[in-house]
Each structure stands twice: as structure tokens, then as C-alpha cells.
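Reading through the C-alpha cells given below for one structure.
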Amino acid sequence: MAAAKIKKGDQVVVLSGKDKGRTGTVMQVLPKAGKIVVDGVNVAARHRKPTQMNPQGGIDRAPAPMAISKVAVADPKDGKPTRVRFEERDGKKIRIAVKSGEAIDG
């Protein structure tokens, strides 16, 4: 299995679409579907009818999955989008931001 370049909890920048340029934290990664859920980005609204459990009804807003290819990891140094490469340090495989050379995993 290939190593994941984007993981839950990462700061990412949206590269294309209606939310282009916005940043957010990865809430969930769906590798089989090639999708990702980012907090506060690609928010979908569902209009709900009143029910016994929710007598008020109303509009529910929740982030929807989006393609992984539409986001890039934010560089830890300046917050701009960057690619990720892997390096072995102290016997551990860690992720490195290509632009600044900073470690993403810490």
C-alpha cells in the first residue's frame, strides 16, 4: 500500500472550485473513493422537513467529500500549497514539504 500524502488533521489549501484558496483541516480521508472531507470547505446544505425528532426542521449544513486532487498540503512555514515527499530520518519515514523542506509530521 502506498503511503498517504494527506492525512486526517493536516492543514490543506483548496486549489480549484468554488472554495479555491480557502484553507481547512482534514476531517476524514476516503482513499478508496479518492475523496477527502475538509472542515468548512465544500459545505452542502440539506433542507429538512419537520419530524418528531426535529420538530423545527430547517437547513442542515455539513462539509461534503471532495476530490483529493483539488487540495494540497499547506506548507508549515508560510501556509502556501506544497507537494509532499518522503524522507527517512532517525529510522522513521516522515513527510517533508517540497517547497520549504520542513517536516510535516514533526
Side-chain angles (χ1 to χ4, degrees):
M1 189 178 126
K5 294 194 175 189
I6 299 178
K7 295 181 179 180
K8 182 178 177 179
D10 284 351
Q11 278 294 115
V12 294
V13 181
V14 180
L15 302 175
S16 66
K18 63 179 182 180
D19 293 316
K20 180 178 180 176
R22 295 192 49 198
T23 60
T25 305
V26 176
M27 294 170 49
Q28 186 180 14
V29 180
L30 309 163
K32 285 186 179 170
K35 299 203 178 252
I36 194 167
V37 179
V38 182
D39 190 28
V41 176
N42 195 32
V43 177
R46 298 234 8 181
H47 296 258
R48 301 282 187 188
K49 280 187 172 180
T51 61
Q52 284 187 329
M53 284 176 54
N54 182 12
Q56 185 66 42
I59 302 169
D60 289 344
R61 289 182 169 79
M66 62 191 295
I68 290 178
S69 61
K70 289 184 172 259
V71 300
V73 175
D75 196 317
K77 209 174 215 178
D78 58 9
K80 292 183 179 173
T82 184
R83 292 187 306 277
V84 176
R85 66 182 162 90
F86 291 93
E87 217 173 79
E88 202 165 305
R89 290 188 186 167
D90 304 324
K92 288 187 79 177
K93 190 175 181 182
I94 60 169
R95 297 178 301 155
I96 307 289
V98 173
K99 287 189 178 174
S100 67
E102 297 258 330
I104 296 167
D105 300 301

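All values derive from a computational prediction rather than experimental measurement.
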- Is any side-chain heavy atom of Asp78 closer than 4.5 Å to a side-chain heavy atom of Lys99? no
- In Å, rounded to the nearest 0.5 Å, how long is the span from CG of Asp75 to NZ of Lys80? 9.5 Å
- Message: With rounding to the nearest 0.5 angstrom, report the CZ to NZ distance, Arg95 to Lys5.
- Response: 10.5 Å
- Look up atom CE in Met66 and atom CG in Asp19, then write down how far apart they are to the nearest 0.5 Å. 6.5 Å
- Under the salt bridge (Lys or Arg N to Asp or Glu O under 4.0 Å) test, residues paired with Arg85 that sit two or more places apart: Glu87
- Task: Spell out, yes or no, whether Val14 and Met27 are grouped together once hydrophobic residues are joined by side-chain heavy atoms under 4.5 Å, including indirect joins.
- Result: no
- Quick one: pull up CG in Asp10 and OG1 in Thr25 and give me the separation to the nearest 0.5 Å. 9.0 Å
- Is any side-chain heavy atom of Val71 closer than 4.5 Å to a side-chain heavy atom of Val13? no
- Item | Derivation of the side chain to side chain contact (heavy atoms under 4.5 Å, CB included) call for Val12 and Thr23 | CA-CA 6 Å; Val12 294; Thr23 60; over 6 Å; no
- From CA spacing to verdict: side chain to side chain contact (heavy atoms under 4.5 Å, CB included), Ile104, Val84: CA-CA 9 Å; Ile104 296 167; Val84 176; 3.8 Å; yes
- Smallest separation among heavy atoms of Pro76 and Glu102, with atom names: CG-CB, 4.1 Å
- Query: Taking all non-hydrogen atoms of both residues, which atom of Ala72 and which atom of Thr82 are closest, and how far apart?
  - Reply: CB-O, 4.0 Å
- Rounding to 0.5 Å, atoms CG (Asp90) and NZ (Lys92) come to a distance of 9.0 Å
- Euclidean distance, Lys93 NZ relative to Glu88 CD, rounded to 0.5 Å: 8.5 Å
Check: residues 35-50 side-chain donor-acceptor pairs under 3.5 Å, at least two apart:
| from | atom 1 | to | atom 2 | distance (Å) |
| --- | --- | --- | --- | --- |
| Asn42 | ND2 | Ala64 | O | 3.2 |
| Asn42 | ND2 | Pro65 | O | 3.1 |
| Arg48 | NE | Asp60 | OD2 | 3.2 |

